[in-house]
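Naming: A, B, ... by sequence-line order, numbering from 1 per chain.
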2 protein chains.
Amino acid sequence: MDQATTRGSLLLEDQLCFALYAASRSVTAGYRPLLDELGLTYPQYLVMLVLWERDQVPVRDLGAALHLESSTLSPLLKRLEASGLIRRERRADDERSVAVSLTQAGTDLREKARAIPSAIGETMGLTPEQRATAIHLLRLLTANAAGN
Amino acid sequence: MDQATTRGSLLLEDQLCFALYAASRSVTAGYRPLLDELGLTYPQYLVMLVLWERDQVPVRDLGAALHLESSTLSPLLKRLEASGLIRRERRADDERSVAVSLTQAGTDLREKARAIPSAIGETMGLTPEQRATAIHLLRLLTANAAGN
DNA sequence: CCCGATTAAGTCGTGCACAACTTAATCGGA
DNA sequence: TCCGATTAAGTTGTGCACGACTTAATCGGG
């Protein structure tokens, strides 16, 4: 590692932040052709992942799981509802809260999505060890930046 | 590593892609208060980084450096021009190309930006070794996903 | 019991990000 | 030389992402 990486360099190529930004967009671009076949965008896919794990999720919990604001989720969920994959209903016990649940079409889509993680894992081309290291470091980054 | 990480799990928490997505947004959020003081957004800051390295850059080269389409850069550059930091001029030798250059204000902003990388490095809180590993893995990911 | 504080969801405005397309200039082989 | 192909930049439309704000429901101390 040269000295430029250890201090106030303004060189683009030195920046972890840029590597992160580029990698994130590159990976979501890799998902696009696969998700197009399911009629989903990448953030919509993430919402579906949460719902396939646990149905009947309040918008609040979706936001907590995905680190997204209600101002991002509300329109996104409207689009998922319009495409027939989810339902949104006010909870009877707390009228402030809206529970998101899967329709039959949303439940069925899970099977078509099963092939995606391994297909993506393929294009990412990391060894399991590299993958584990990457996840570890990214979680560190997320926690540190957020916990500021 | 449990077996869920090695195959078709649809669990959100297993996904490298989500860790990447969350970390990227988390880090750019960390930049926001610092960049607000310079009147820049994060992608605008990346453009300025390129220009501080090398002035008189064609839009095409900016796109190549940042992996961005002209449809993203054109409006962004208009906003930077409107805020007085850059100039855009058609090249005389090739009228298709537009060269982007710094104004005096754009050049001066560099000094105010010098403190940013170390401040961010602080909030990221990785050791130099972790940082190098992260950059290495992210570049691998970017190259593999793009080279598909 | 009530009212100020908190909480959940949503609206609005701005700025990316990208696909599909358009416009205009340059290139290059027949 | 000329014209079809390529290239550079920009336009348009859709969908995030987020800050600032609004609306409505619930909470909780006096």
Assign the ring pair A:Y42 / A:Y31 to parallel, tilted or perpendicular, where the plane angle (0 to 90°) is split at 30° and 60°.
tilted

Can you check whether [X] has a side-chain N or O nearer than 4.0 Å to OP1 or OP2 of [N]?
X: B:R79; N: C:dC16; result: yes
X: B:S97; N: D:dA9; result: yes
X: A:Y42; N: D:dG15; result: no
X: B:K78; N: D:dA9; result: no
X: A:Y21; N: C:dC16; result: no

Whole angstroms only, please: what is the [atom1]-[atom2] distance between [X] and [N]?
X: A:L80; N: D:dC16; atom1: CG; atom2: C1'; answer: 12 Å
X: B:R25; N: D:dA17; atom1: CZ; atom2: P; answer: 6 Å
X: B:L35; N: D:dG19; atom1: CG; atom2: P; answer: 13 Å
X: A:R96; N: C:dA8; atom1: CZ; atom2: P; answer: 6 Å
X: A:L62; N: D:dC16; atom1: CG; atom2: P; answer: 14 Å
X: A:E95; N: D:dC27; atom1: CD; atom2: P; answer: 12 Å
X: A:D61; N: C:dA9; atom1: CG; atom2: C1'; answer: 13 Å
X: A:L77; N: C:dA8; atom1: CG; atom2: C1'; answer: 13 Å

Regarding [X], tell me which of base, sugar-phosphate or nothing describes its non-hydrogen contacts under 4.0 Å with the strands shown.
X: A:R88; result: sugar-phosphate
X: B:L76; result: sugar-phosphate
X: B:L73; result: nothing
X: A:S74; result: base

Validation row: [X], [Y] side chains within 4.5 angstrom (heavy atoms):
X: A:L126; Y: B:L16; value: yes
X: A:V47; Y: A:L73; value: yes
X: B:L49; Y: A:F18; value: no
X: A:L46; Y: B:Q15; value: no

Of A:Q44 and A:A92, whose closest DNA chain D nucleotide lies nearer the 5' terminus?
A:Q44

Let's see if you can work this out: which of [options] has an atom nearest to the side-chain heavy atoms of [X]?
X: B:D94; options: D:dA9, C:dT26, C:dC16; result: C:dT26
X: A:V59; options: D:dC16, C:dA9, D:dA9; result: C:dA9
X: B:T41; options: D:dG10, D:dA25, C:dG15; result: C:dG15

Under 3.5 Å, side chain of B:S74 to main-chain N/O of B:S71, donor-acceptor pair present?
no

For nucleotides 19-23 of chain C, give me every protein contact, N/O to N/O, under 3.5 Å, one pair per line with atom names.
unit_1	atom_1	unit_2	atom_2	d
C:dA19	N6	B:S71	OG	3.1

Atom CZ of residue position B:R60 - does it have more than 12 heavy atoms of other residues, nucleotides or ligands inside 6.0 Å?
no

Hey, is CD on B:E122 packed in by over 12 heavy atoms from elsewhere, all under 6.0 Å?
no

Nearest heavy atom decides the nucleotide; on that basis, is A:R60 or B:L68 closer to the 5' end of DNA chain C?
A:R60

